[in-house]
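Okay, structure first, notes after.
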Amino acid sequence: MSPLLTQAHAVAEKAHAPYSKFHVGCALETETGSMYTGCNVENASYGLTICAERSAIFQAVAAEGTDMKITRLSVVCLGHEFPPCGACRQVIAEFSLPGGQTEVTYLKEGQPVTRTIAELLPEAFGL
Ligand code: THU
């Protein structure tokens, strides 16, 4: 397994997901070569939940600042498989490489699948 998938799996164990039971982890690498991780954190007031991907991205912004760019990002859910949700795709796009070339990896039928954010979110909204 790639280092990012391994780290995403490890941080998924930390998820606070007592409601959905979906324990999600994300690991990303930025242009500086640094890695950041995040997990989903749910709340009894369901709408306050934050996804693993946005948790990791906000860590990266806090560490590196607004010019931070994501080169690659991996997401893992214990016992389930899915690509990033629509909200997280939009946030990945905000910090993607030019042309949406940031690579996003997730598992499908047990195998890693890699797509660019441009493929996952074509014609992304931007100001
Ligand atoms: N979740 C993520 O962390 N990332 C996604 O891309 C989709 C969903 C979380 C949110 C919630 O805690 C649980 O998975 C079920 O929706």
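What you are looking at is a predicted structure, and each value in this text was computed from that prediction instead of being measured.
- Hydrophobic clustering (ILVMFWY, side-chain heavy atoms < 4.5 Å, transitive): V41 and V11 are in distinct clusters.
- For the residue pair C88 and C51, the shortest heavy atom distance occurs at SG-CB, 3.4 Å.
- L4 belongs to a hydrophobic cluster with M35, counting contacts under 4.5 Å between side-chain heavy atoms of Ile, Leu, Val, Met, Phe, Trp and Tyr, direct or through other members.
- Pairs engaging residues 39-73 under the ring pair (Phe, Tyr, Trp, His ring centres under 6.0 Å) rule: Y19-Y46 [sequence neighbours left out].
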- Task: Show your reasoning for whether side-chain contact (heavy atoms from CB on, under 4.5 Å) applies to I92 and T102.
- Result: CA-CA 8 Å; I92 294 166; T102 293; 4.2 Å; yes
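- L127 shares a hydrophobic cluster with F125; the chain of contacts runs through ILVMFWY side chains whose heavy atoms sit under 4.5 Å apart.
- Cluster annotation: I70 is not connected to L5 through the hydrophobic network of ILVMFWY side chains, with a link wherever side-chain heavy atoms come within less than 4.5 Å.
- Contacts classified as salt bridge (Lys or Arg N to Asp or Glu O under 4.0 Å) and involving residues 102-117 (residues at least two apart or in different chains) are not found.
- Using modelled atom types, one side-chain atom of T116 and one backbone atom of E119 make a donor-acceptor pair closer than 3.5 Å.
- Under the 4.5 Å side-chain contact rule for hydrophobic residues, L97 and V104 do not share a cluster.
- When the side chain to side chain contact (heavy atoms under 4.5 Å, CB included) test is applied to A15, the partners found at least two apart in sequence or on another chain are H23, C39, N40.
- Counting heavy atoms of neighbouring residues, nucleotides and ligands inside a 6.0 Å radius, atom NZ of K69 exceeds 12 of them.
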- Message: Evaluate Y106 against S74 for side-chain contact (heavy atoms from CB on, under 4.5 Å), listing each step before the verdict.
- Response: CA-CA 6 Å; Y106 52 95; S74 293; over 6 Å; no
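- Between S55 and G38 the shortest heavy-atom distance is OG-CA, 3.6 Å.
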- Message: Pair H9, L78 - check side-chain contact (heavy atoms from CB on, under 4.5 Å), show working.
- Response: CA-CA 7 Å; H9 193 276; L78 306 183; 3.6 Å; yes
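- Under the 4.5 Å side-chain contact rule for hydrophobic residues, I57 and L120 share a cluster.
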- Show your working on side-chain contact (heavy atoms from CB on, under 4.5 Å) between T105 and V75 and close with a plain yes or no. CA-CA 6 Å; T105 301; V75 61; over 6 Å; no
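- Scanning for ring-ring contact (aromatic ring centres under 6.0 Å, His included) contacts around H16 gives an empty result, with sequence neighbours left out.
- Qualifying side-chain hydrogen bond (donor to acceptor under 3.5 Å, both in side chains) partners for E64, counting only residues two or more places apart in sequence or in other chains: T30, T32, Y36.
- Judged as a side-chain hydrogen bond (donor to acceptor under 3.5 Å, both in side chains), and not counting sequence neighbours, S2 has no contacts.
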- May I have the step-by-step check of side-chain hydrogen bond (donor to acceptor under 3.5 Å, both in side chains) for S20 and E42, ending in yes or no? CA-CA 8 Å; S20 75; E42 300 183 347; 2.5 Å; yes
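- Looking at P3 and T6, their side chains never come closer than 4.5 Å, going by heavy atoms from C-beta outward.
- Shown here are the salt bridge (Lys or Arg N to Asp or Glu O under 4.0 Å) partners of E29, two or more places apart in sequence or in another chain: R72.
- The shortest non-hydrogen separation linking A93 to I117 is N-CG1, 4.1 Å.
- L28 CG to L73 CG: the interatomic distance, rounded to the nearest 0.5 Å, is 5.0 Å.
- Residue pairs satisfying the salt bridge (Lys or Arg N to Asp or Glu O under 4.0 Å) criterion with at least one member in residues 73-99, sequence neighbours excluded, are absent.
- For Q7, the side-chain hydrogen bond (donor to acceptor under 3.5 Å, both in side chains) criterion is met by no residue, not counting sequence neighbours.
- In this structure, CZ in F95 is found 9.5 Å from CG in D67, a value given to the nearest 0.5 Å.
- Partners of R54 under the salt bridge (Lys or Arg N to Asp or Glu O under 4.0 Å) rule, at least two apart in sequence or in another chain, do not exist in this structure.
- We find the CD-SG distance between Q90 and C85 to be 11.0 Å, quoted to the nearest 0.5 Å.
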